[in-house]
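In what follows, a structure is listed as structure tokens, so that the remarks can point back to it.
Sequence lines set the chain letters: A, B, ... in the order given, protein chains first and strands last, and positions in each chain run from 1.
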Amino acid sequence: MSLDLSLYDKVLENRVRLQIMSILVANEHYDFNSLKELLDVTDGNLASNLKSLEKEGYITVEKSFVDRKPNTKYRRTEKGKKSFENHLAALENLIKQQYG
Amino acid sequence: MNQKDLINQIGQIRSLMEKSSKFMSISGLSGVLIGSYALIGAAVAYIMLYGFNSQFGYRDHYVNRESIPALLFIAFAVLIVSIGTGYYMAQQKAKKAGQSIWNPTSKALFQAMAIPLLTGGVLALILLYQQNVGMIASTLLIFYGLSLSAASSFSFRELRWLGVLDIVLGLLALCFPGYGIYFWAAGFGVLHIIYGLIVHQRYEK
């Protein structure tokens with residue numbers, strides 16, 4: 001039995017990156033602190049994973065100030081959404097494969 | 001990667017998508033308390049207007065001008081105590097879940113509620129100014145119901161039904177002028193209590 005892994009996304013193999021993408025697909029935008037609170041990860045871990053998602057073109061970053069405090073907003077791109085959906089489909093296929 | 005990991009991962013994704021987009025810290029029990037305040041407020045207003053010996057029947061006196069300040073005072077007192085209770089209990093619930101009460105989902109929820117609520121509030125003030133007092137009870141019920149329906153996409157889906165029923169009660173109140181206080185007691189009192197019990201039963205046990 002051959003396994004179709006063309007949909008599987010190496011970038012999203014990382015758990016934190018996959019979680020970030022699930023939040024950004026479900027919401028129009030999300031800010032750094034709220035992501036941190038939901039995911040329960042360190043600043044450094046979250047920042048480096050956000051950076052790599054940005055480099056892949058999966059998300060865009062928007063920096064601004066609210067009450068003189070930095071407020072960074074993240075949005076998914078169309079490419080990011082597509083990759084997330086493909087990756088989910090790949091996971092689904094993997095499960096089906098193991099049942100079958 | 002084995003199958004259990006995969007299923008775990010997918011479950012996590014689903015719960016994150018839900019948790020990140022819905023504000024679930026609104027406490028069901030606060031709904032029960034808020035409903036009770038409304039019933040108490042309605043009872044006080046009723047006694048003030050009609051006394052203890054009035055009958056449920058044809059009204060020959062509608063709200064007169066002298067009683068309006070006192071009625072407004074009762075309504076605002078109930079409103080403020082209700083908001084305080086709802087806020088405090090949501091904060092406690094959020095703390096227990098390790099979340100903050102002010103996050104993107106609660107902001108989205110309040111934004112969704114703000115437009116219908118402000119519209120209804122201003123409309124009620126205009127009606128009051130024009131001494132169209134009989135329409136205020138129904139107006140506020142209708143717009144409160146609209147704001148709950150709007151909020152339901154960002155919280156418990158049961159909110160939609162609470163909203164729709166409040167709208168229906170508001171429309172009925174328009175058809176039966178003079179009985180606004182019963183519709184208020186039903187909409188802000190009884191419905192909140194039932195809603196609160198359902199949410200408590202389904203999500204907080």
Once rounded to the nearest 0.5 Å, what's the spacing between atom OG of A/Ser22 and atom CD of B/Gln12? 8.5 Å
Between atom CD of A/Glu92 and atom CD1 of B/Ile7, what is the distance when rounded to the nearest 0.5 Å? 11.0 Å
Checking side-chain contact (heavy atoms from CB on, under 4.5 Å) for the pair A/Leu39/B/Leu16: CA distance, chi angles, key distance, verdict? CA-CA 9 Å; A/Leu39 297 180; B/Leu16 261 180; 3.7 Å; yes
Closest heavy-atom contact between A/Ala26 and B/Met17? CB-O, 3.6 Å
In terms of heavy-atom proximity below 4.5 Å to chain B, should A/Leu18 be classed as side chain, backbone, both, or neither? side chain
Measure the CD1-CD distance between A/Ile23 and B/Glu18 for me, rounded to the nearest 0.5 Å. 13.0 Å
Got more than 12 heavy atoms from elsewhere within 6.0 Å of OH, B/Tyr88? no
Just how far is it from atom CD1 of A/Ile95 to atom CG of B/Leu6, taken to the nearest 0.5 Å? 5.0 Å
Would you say CD of B/Gln92 has more than 12 non-hydrogen atoms from neighbouring residues, nucleotides or ligands within 6.0 angstrom? yes
Counting only heavy atoms from other residues, nucleotides and ligands, does the tally under 6.0 Å from CG of B/Leu171 exceed 12? yes
Taking side chain as everything from C-beta outward and backbone as N, CA, C, O, which of these in B/Gln99 sits under 4.5 Å from a heavy atom of chain A? Side chain, backbone, both or neither. both
With no hydrogens and no angle check, do the side chains of A/Asn27 and B/Ser21 hold a donor and an acceptor under 3.5 Å apart? no
Please assess A/Gln19 against B/Ile13 for the test side-chain contact (heavy atoms from CB on, under 4.5 Å), listing each intermediate value before the final yes or no. CA-CA 6 Å; A/Gln19 290 183 329; B/Ile13 290 169; 5.9 Å; no
B/Arg14 atom CZ, over 12 foreign heavy atoms within 6.0 Å: no
I'd like to know whether B/Thr105 forms a side-chain contact (heavy atoms from CB on, under 4.5 Å) with A/Tyr30, so could you lay out the CA-CA distance, the side-chain angles of the two residues, the decisive distance to 0.1 Å, and finally the verdict. CA-CA 10 Å; B/Thr105 52; A/Tyr30 235 70; 4.2 Å; yes
If you count every heavy atom of other residues, nucleotides or ligands that lies below 6.0 Å from B/Lys107 atom NZ, does the total exceed 12? yes
Pick one of side chain, backbone, both or neither for B/Ile10, based on which atoms fall under 4.5 Å of a heavy atom in chain A. side chain
Could you measure the distance from the OG atom of B/Ser20 to the CD1 atom of A/Ile20? Nearest 0.5 Å is fine. 12.0 Å
